[in-house]
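Shown next, in structure tokens, is the structure this report addresses.
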Amino acid sequence: MELSKRVLAVKPSVTLAIAAKAKEMKAQGIDVISLSAGEPDFDTPSFIKDASVEALQKGFTKYTPVPGTIELRQAICRKLKRDQGLDFTPDQIVVGTGAKHAIFNVLFALLNPGDEVIIPSPFWLSYPEMVTVLGGTNVFIQTDEKTSFKITAPMLEKVLNPRSKVLILNSPSNPTGAVYTKEELLALCKVLHKHPHVMVLSDEIYEKLIFDGLKHVSIASLDPEIAKRTIVVNGHSKAYAMTGWRLGYAAMPDKALAKAVESIQSHSTSNPVSFTQPGGVVALDKGDAEAVKMLTVFQKRRDFFISLLKTVPSFKPFKPSGAFYLFVDIQATGLSAFDVAKKLLEEVHVAVIPCEPFGSVHHIRMSFATSEKDIEAAVQRIAAWAKKQTVPA
Ligand SMILES: Cc1ncc(COP(=O)(O)O)c(C=O)c1O
């Protein structure tokens with residue numbers, strides 16, 4: 001059997017390999033603590049579930065319109081107006097089976113072979129794989145702690161050229177938790193003005209998870225000209241603890257693009273699952289109070305986790321302003337991120353994510369979407385492990 005060249009270019013997921021190994025160890029009765037979760041550990045709020053259970057029982061079990069029900073797309077338009085001040089109509093919205101699916105379909109609709117997609121690094125590992133499978137070219141902008149893992153206007157200016165097609169922005173970021181301010185985004189807008197052929201894909205999936213009273217800003221809300229070429233992506237997974245529901249969407253500036261994305265979806269997965277959609281409406285209309293409660297817990301855990309990690313001098317966390325991950329510099333261990341992750345799992349049974357596939361060999365990602373008890377126990381194990389390591393000269 002010969003696999004397609006496109007698929008052969010895609011790297012298998014290291015993240016999944018670690019998760020599979022952790023699962024296997026758990027099945028053998030080993031007490032593994034997982035800090036690898038990419039999803040809230042809370043249950044979906046019950047009033048959201050109730051809406052979908054009711055729909056299911058009333059027989060809402062058939063195909064819906066491909067881009068999602070009109071009710072859900074109207075709720076998304078209300079949300080984008082309320083939270084970001086953005087004006088969209090339902091025919092500019094396509095709901096997919098998760099934001100991941102929505103991003104894939106948008107890139108599918110936009111990319112021609114050789115088109116460059118600009119990705120600030122570190123990045124969510126799926127972006128470059130999607131670009132590769134779709135025949136585009138990844139152009140990374142490497143960031144570090146000096147700019148709090150954010151790109152600046154001069155960094156962006158340097159990579160833009162006539163082949164540049166899409167800039168992907170992800171604020172708050174997975175894996176760093178970096179959050180762009182209004183001023184930083186305005187500076188990027190200034191550069192983008194000089195390159196009118198460049199589209200922006202703004203992945204705002206962690207929007208509701210921003211700490212210390214900071215506010216989420218969508219680049220689409222800052223500048224009408226940039227808004228005309230920005231696709232806003234968001235979803236229910238992280239904000240309302242609905243990862244398994246698979247609801248995510250793209251809001252497109254151009255109806256022709258929305259039609260193209262709908263058309264791709266119509267030939268692959270069709271509509272998002274019918275009975276998740278009424279729950280999705282309720283989540284957007286009434287879920288924010290629950291999202292705030294979860295945020296409060298996440299912020300407390302973040303601070304607790306950072307304070308505990310002071311006992312492990314070779315692990316240096318970047319304090320995230322959003323999402324639920326600690327992005328931890330492990331250079332002082334003298335090991336690669338993958339080796340640290342492998343050793344922690346095998347030697348002290350703590351699962352973390354090595355960030356090589358996220359664009360950094362020097363970092364691991366530790367999720368705090370888990371209990372304080374587990375965080376504390378995990379750090380104790382890591383501290384004991386780190387004490388035994390001898391750092392190469
Ligand atoms: C940055 C980012 N974007 C998009 C997604 C996709 O989320 P979903 O497909 O569950 O909506 C994730 C999930 O981990 C993510 O971290």
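Throughout, residue positions are numbered sequentially from 1 according to the sequence presented. Indexing begins at 1, ligand by ligand and atom by atom, following the structure's order.
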Where the closest heavy atom to [atom] is concerned, which of [options] has it?
atom: atom 10 (O) of ligand 1; options: G38, S171, S237, G98; answer: S237
atom: atom 6 (C) of ligand 1; options: K100, H236, R246, H101; answer: K100
atom: atom 3 (N) of ligand 1; options: L125, V233, N170, D203; answer: D203
atom: atom 8 (P) of ligand 1; options: P172, S173, A99; answer: A99

Nitrogen or oxygen of Y325 less than 3.5 angstrom from that of ligand 1: no
T97 N/O under 3.5 Å from ligand 1 N/O: no
Electrostatic pair [X]:[Y] at N-O distance under 4.0 angstrom:
X: R78; Y: D285; result: yes
X: R301; Y: E372; result: no
X: K208; Y: D83; result: yes
X: K373; Y: E376; result: no
X: R163; Y: E116; result: yes

Element-labelled atoms of ligand 1 that are located less than 4.0 Å from some non-hydrogen atom of Y127: 1 (C)
Ligand-side contact atoms (ligand 1) for residue partner K238, heavy atom cut-off under 4.0 Å: 12 (C), 13 (C), 14 (O)
Ring-ring centroid check F298 F324, cutoff 6.0 Å: yes
Pairing residues for K58 by the salt bridge (Lys or Arg N to Asp or Glu O under 4.0 Å) criterion, not counting sequence neighbours: E54
Close approach, T243 and ligand 1, non-hydrogen under 4.0 angstrom: no
Taking atom 15 (C) of ligand 1 as the reference point, the nearest protein heavy atom with its distance: W124 CE2, 3.5 Å
